[in-house]
Q: 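First the structure, then my questions, so here it is.
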2 protein chains.
Amino acid sequence: MALDSRKKQVLNAIVDDYVSTYEPVGSKSLIERHNFTVSSATLRNEMAELERMGLIEKPHTSAGRIPSDKGYREYVDSLLRYDDLSDSERNDIENRISGSVNDITDLIRTATDTLSERTGFVSLYMSPRLHKSFLKQLKMLMIEPGKALVVIVLSAGVVRDKVVRIPNFLTGEQIMQISDSVEQNLTGKPLDEITLVTVASSMKAADIPDAMMNQIVYEAYTAIKQADSLNIYLEGENKMLQLPDFGELTKARNLLDSLSNDGMVAGYVNELHPIDDVNDDSFMIRIGQEITLDGLQDCSFITTTYKIGDDISGNIGVIGPKRMEYQKVISQINFVRKTLNDKIKKLTE
Amino acid sequence: MALDSRKKQVLNAIVDDYVSTYEPVGSKSLIERHNFTVSSATLRNEMAELERMGLIEKPHTSAGRIPSDKGYREYVDSLLRYDDLSDSERNDIENRISGSVNDITDLIRTATDTLSERTGFVSLYMSPRLHKSFLKQLKMLMIEPGKALVVIVLSAGVVRDKVVRIPNFLTGEQIMQISDSVEQNLTGKPLDEITLVTVASSMKAADIPDAMMNQIVYEAYTAIKQADSLNIYLEGENKMLQLPDFGELTKARNLLDSLSNDGMVAGYVNELHPIDDVNDDSFMIRIGQEITLDGLQDCSFITTTYKIGDDISGNIGVIGPKRMEYQKVISQINFVRKTLNDKIKKLTE
DNA sequence: GGTTAGCACTCTTGTCGCCCGAGTGCTAAC
DNA sequence: GTTAGCACTCGGGCGACAAGAGTGCTAACC
């Protein structure tokens with residue numbers, strides 16, 4: 001299992017060549033492209049060994065080798081992750097993200113778009129996990145008889161709203177009154193401590209029949225909970241069609257079909273980042289068969305975490321072909337994450 | 001130019017066959033599939049004539065004929081548009097759309113999704129053109145110093161909001177005061193009569209320095225105007241990859257690239273429906289080269305109008321391959337539109 | 001004059017055989 | 001342990017060939 005340094009070198013060279021040429025790499029071309037001090041025959045022996053170890057494989061008998069998923073894994077694990085970007089790259093990213101300054105969601109989306117643009121792959125963000133954020137304001141506005149708008153302002157400046165149904169006979173006055181009492185009692189509470197019961201008890205002030213009250217409680221509750229629902233945003237799906245990796249129509253279809261199932265992808269990314277630790281800045285990398293999500297076995301997931309304040313985090317990352325320049329992509333994500341965190345900090349203080 | 005009835009019959013038969021088989025249709029197979037009372041040789045003569053008229057063409061010398069764009073056009077124009085759907089189809093559509101009952105936007109989106117699902121093509125809706133709708137409510141909520149949420153309720157129950165920047169020192173009280181005065185003065189006004197000037201004059205009540213005031217006026221104004229911006233929603237892009245029409249990768253790419261340019265498509269659809277007549281229930285059909293939108297020349301656009309109340313309308317429709325069952329698709333759109341209009345009516349009264 | 005049978009012609013599609021080149025594994029020598 | 005050499009394998013490209021579908025045209029028919 002332990003790779004001696006030459007095997008490592010050979011593996012890395014194979015991955016590098018394959019990534020840049022998309023052609024199985026043979027012993028001879030390996031010699032030509034890299035300064036190996038040994039002959040192609042020796043490399044052939046090494047390659048046979050690497051194949052026996054399951055790190056590379058042949059598409060057919062008389063072809064060169066391509067990395068297996070395990071090979072990519074070995075390669076990726078041996079990377080120095082945080083390659084420096086050039087100044088111009090940094091500037092580009094920073095300028096791009098600085099462009100949108102209003103809303104925190106805009107900011108995250110812009111960062112994600114930047115990522116897709118710069119890598120040429122699909123990028124994604126997960127909406128921030130807000131269960132630890134606390135309620136700052138809650139207003140209910142009467143829109144018309146039977147309908148109200150619930151506006152929720154959370155810590156860190158996240159704003160959500162929802163149109164809800166209310167009993168027909170309620171007046172704007174009464175709604176305001178209810179809304180005020182809820183706000184007064186729930187402000188400062190983290191979302192995950194807000195339950196149907198706490199909402200109900202926060203409302204008991206008004207003099208409205210119980211049955212009606214229950215409806216309002218329920219609507220307000222769902223409006224609040226909806227603010228914490230998990231959303232994913234994907235950008236750049238079409239770009240993947242430009243890649244030779246998805247040059248076969250069936251593969252392209254497969255990929256786009258799988259990606260169009262937002263919910264599944266969101267669930268998977270969520271699983272990848274289970275620990276709710278805002279300061280965890282590790283990268284999650286899943287390659288090919290490692291991905292337990294139907295139809296994306298020709299891809300790699302690379303995701304990491306952004307944060308809002310001290311309690312709230314979400315994820316951002318890239319879905320690309322297995323055959324990607326991992327070092328570069330990781331560096332990009334890393335710098336985008338850093339820039340994004342900075343901008344969020346500036347925006348929320 | 002005038003087609004005698006047999007030529008018409010031949011053309012229709014060719015289109016029908018080509019649509020269902022995606023193969024150039026020859027004189028012999030035409031005889032086999034349809035009850036022509038003449039021989040294949042006669043049909044060959046007719047077909048030669050149709051080709052001379054530019055209605056059909058040959059991919060190459062020894063192949064059958066396929067309809068040209070002009071041929072499709074002739075075919076479509078001769079259709080009895082509103083084919084009845086089967087009861088089960090109607091029920092399916094109605095149930096699907098009845099499922100979403102809360103928000104008017106949800107309703108329209110569901111109708112659009114239904115359209116894509118049932119046709120297997122891309123469906124779209126344009127957000128309602130709201131310039132004739134009038135302001136029912138406008139509230140500004142202080143979120144934190146320097147930031148407010150503008151909530152706008154329009155006639156027909158459309159709700160929009162936007163986070164805006166405000167001068168830092170303004171208090172919640174002052175914001176409320178401003179918001180109330182604006183609301184009082186602008187309520188009942190159609191959006192297209194609201195200008196920077198009317199907003200400004202509606203606000204003069206409060207005692208705030210002019211320079212500050214200008215900022216608020218501007219922000220409120222853009223929030224209002226943004227409510228009227230033209231949006232498009234596309235659904236089912238990936239489904240197009242299942243069609244043989246886009247079986248070549250370059251075509252598939254082209255299509256998806258073009259469709260991903262939302263703004264262009266929105267602009268085009270908007271051009272197709274220039275007259276702001278809510279009761280106009282005509283269909284706009286654009287086929288192949290008729291489409292003046294880069295990269296969609298293998299497609300057909302079929303769009304029509306839905307309405308909200310007496311003044312507000314938007315568009316809904318389908319983008320599919322030229323080679324589609326026009327009669328069926330048009331019928332589907334027609335019934336979806338009808339169902340949607342009904343549901344909207346119920347929701348808004 | 002419109003219609004039809006017949007026929008020569010065209011062009012695509014699929015298949016088969018062939019060769020070339022790149023790459024491999026193995027052996028024997030260094 | 002390394003290397004040169006060699007026989008072997010396999011995919012891709014190319015041309016030849018046959019089959020099949022369709023056409024246009026001509027000459028005969030009603």
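The chains referred to below are lettered A, B, ... by the order of the sequence lines, with proteins before strands, and numbering in each begins at 1.
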Q: Give one of base, sugar-phosphate or nothing for B/A63, where a contact means two heavy atoms less than 4.0 Å apart.
A: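 Result for B/A63 = sugar-phosphate.
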Q: Inspect the surroundings of CD in A/Q242 and state if more than 12 heavy atoms from other residues, nucleotides or ligands are less than 6.0 Å away.
A: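 Yes - once you tally the heavy atoms of other residues, nucleotides and ligands closer than 6.0 Å, there are more than 12.
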Q: Given atom NE2 of B/H60 and atom C1' of D/dG22, what is their separation to the nearest angstrom?
A: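 After rounding, the reported distance stands at 8 Å.
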Q: How is B/T42 classified with respect to the nucleic acid when contacts are heavy atoms under 4.0 Å: base, sugar-phosphate, or nothing?
A: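 Counting heavy atoms under 4.0 Å across all strands, the contact made by B/T42 includes a base.
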Q: For A/E248, what residues pass the salt bridge (Lys or Arg N to Asp or Glu O under 4.0 Å) criterion, not counting sequence neighbours?
A: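 Residues passing salt bridge (Lys or Arg N to Asp or Glu O under 4.0 Å) with A/E248: none at all.
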Q: For B/E117, give me all partners under salt bridge (Lys or Arg N to Asp or Glu O under 4.0 Å), at least two apart in sequence or on another chain.
A: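 In terms of salt bridge (Lys or Arg N to Asp or Glu O under 4.0 Å), with neighbours along the sequence ignored, B/E117 is linked to B/R96.
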Q: Would you find more than 12 non-hydrogen atoms of other residues, nucleotides or ligands less than 6.0 Å from A/E325 atom CD?
A: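 Open.
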Q: Surrounding CG of A/D294 (heavy atoms of other residues, nucleotides or ligands, distance under 6.0 Å), is the total greater than 12?
A: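 It does not: A/D294 CG has 12 such atoms or fewer within range.
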Q: Can you list, in residue-number order, the parts of residues 28-35 of chain A that come under 4.0 Å of DNA chain D, counting heavy atoms only?
A: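 By residue number: none to list.
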Q: Checking salt bridge (Lys or Arg N to Asp or Glu O under 4.0 Å) for the pair B/R73/B/D77: CA distance, chi angles, key distance, verdict?
A: CA-CA 6 Å; B/R73 168 54 62 193; B/D77 285 346; 3.1 Å; yes
Q: If each of B/S62 and B/A41 is mapped to the nucleotide of DNA chain D with the nearest heavy atom, which maps nearer the 5' terminus, i.e. the 5' end?
A: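 So the residue in question is B/S62.
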Q: Dot-bracket, DNA chain C: Watson-Crick or G-U, under 3.5 angstrom, [ ] crossing, | other strand?
A: ||||||||||||||||||||||||||||||
Q: Parallel, tilted or perpendicular: which one describes the rings of B/Y326 and B/Y72, with boundaries at 30° and 60°?
A: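 Geometry flag for B/Y72 against B/Y326: tilted rings.
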Q: Distance alone, cut at 3.5 Å: any donor-acceptor contact between the side chains of B/K239 and B/S116?
A: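 Yes, B/S116 and B/K239 have a side-chain donor paired with an acceptor closer than 3.5 Å.
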Q: Take atom CZ of B/R65 and atom P of D/dA21, then tell me their distance rounded to the nearest Å.
A: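 Checked: the CZ to P distance equals 17 Å.
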Q: Sub-3.5 Å donor-acceptor pair from the side chain of B/R253 to the main-chain atoms of A/L241, do we have one?
A: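 It does hold such a pair.
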Q: Indicate whether the side chain of B/S123 and that of B/Y233 have a donor and an acceptor atom separated by less than 3.5 Å.
A: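 No, B/Y233 and B/S123 have no side-chain donor paired with an acceptor closer than 3.5 Å.
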Q: Please identify each residue that fulfils salt bridge (Lys or Arg N to Asp or Glu O under 4.0 Å) with A/R337, with sequence neighbours left out.
A: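 Not a single residue meets the salt bridge (Lys or Arg N to Asp or Glu O under 4.0 Å) criterion with A/R337.
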Q: Contact class for B/S40 vs. all strands (heavy atom < 4.0 Å): base, sugar-phosphate, or nothing?
A: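 If one applies the 4.0 Å heavy-atom cut-off, B/S40 turns out to touch nothing in the nucleic acid.
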Q: Round to a whole Å and report the spacing from CD of A/E46 to P of D/dG1.
A: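 From A/E46 CD to D/dG1 P: 11 Å.
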Q: How long is the line joining CZ of B/R44 and P of D/dG22, in whole Å?
A: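 From B/R44 CZ to D/dG22 P: 10 Å.
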Q: Give the first and the last nucleotide of DNA chain C, reading 5' to 3', that has any atom under 4.0 Å from a heavy atom of chain B.
A: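 Listed 5' to 3', the contact boundaries are C/dT3 to C/dT12.
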Q: Round to the nearest Å and state the distance from B/K58 atom NZ to D/dA21 atom C1'.
A: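 Atom-to-atom, B/K58 to D/dA21, this comes out as 13 Å.
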